[in-house]
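Each remark here refers to the structure printed beneath this line.
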Amino acid sequence: EHGEESMDEYLRKTSISPWVPLPDAAVGKIFDLTAATPRDIHVDLGSGDGRVNFYAINFGVLQSTGIDIDEKIVQIARDRLA
């Protein structure tokens with residue numbers, strides 16, 4: 001066990017801070033400022049529906065990986081990928 005708190009307890013606490021999607025304009029600005037290149041690998045912790053990951057790929061990074069603990073929102077990202 002990694003800690004005393006169970007995953008269910010953690011998820012109950014996170015429900016008070018719901019996922020809010022990042023506006024497309026903000027995502028675009030992020031990648032413009034980073035000057036990401038086709039050699040870069042992008043990782044998004046708390047990736048939600050994967051919108052930042054899809055933008056990263058469209059921007060031209062080599063690879064983009066999204067990580068999230070909310071199974072429902074991860075399924076939305078997987079459906080968008082399909």
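Residues that satisfy the side-chain hydrogen bond (donor to acceptor under 3.5 Å, both in side chains) test with Ser47, not counting sequence neighbours, are absent from this structure. Remark: Tyr55 pairs with Val27, Phe31, Phe59 by the side-chain contact (heavy atoms from CB on, under 4.5 Å) rule, at least two apart or across chains. For Asp79, the side-chain hydrogen bond (donor to acceptor under 3.5 Å, both in side chains) partners at least two apart in sequence or on another chain are Gln75. For Ala82, there are no side-chain contact (heavy atoms from CB on, under 4.5 Å) partners two or more places apart in sequence or in a different chain. For the side-chain contact (heavy atoms from CB on, under 4.5 Å) test, residues two or more places apart in sequence or in another chain that qualify with Leu33 are Lys29.
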* To do: Go through Ile30 and Leu22 one step at a time and tell me if the side-chain contact (heavy atoms from CB on, under 4.5 Å) criterion holds.
  => CA-CA 11 Å; Ile30 289 168; Leu22 192 62; 3.7 Å; yes
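Residue pairs meeting the salt bridge (Lys or Arg N to Asp or Glu O under 4.0 Å) criterion with at least one member in residues 44-72, sequence neighbours excluded, are Asp24-Arg51, Asp49-Arg51, Asp49-Arg80.
Once rounded to the nearest 0.5 Å, the distance linking CG of Asp40 with CD of Gln63 reads 11.5 Å.
The heavy-atom pair separating Val61 from Ser64 by the smallest distance is CG2-CB, 4.4 Å. Considering all non-hydrogen atoms of both residues, Ala77 and Gly48 come closest at CB-O, 4.0 Å. Listed here is the closest heavy atom pair of Leu62 and Pro38: CB-O, 3.1 Å.
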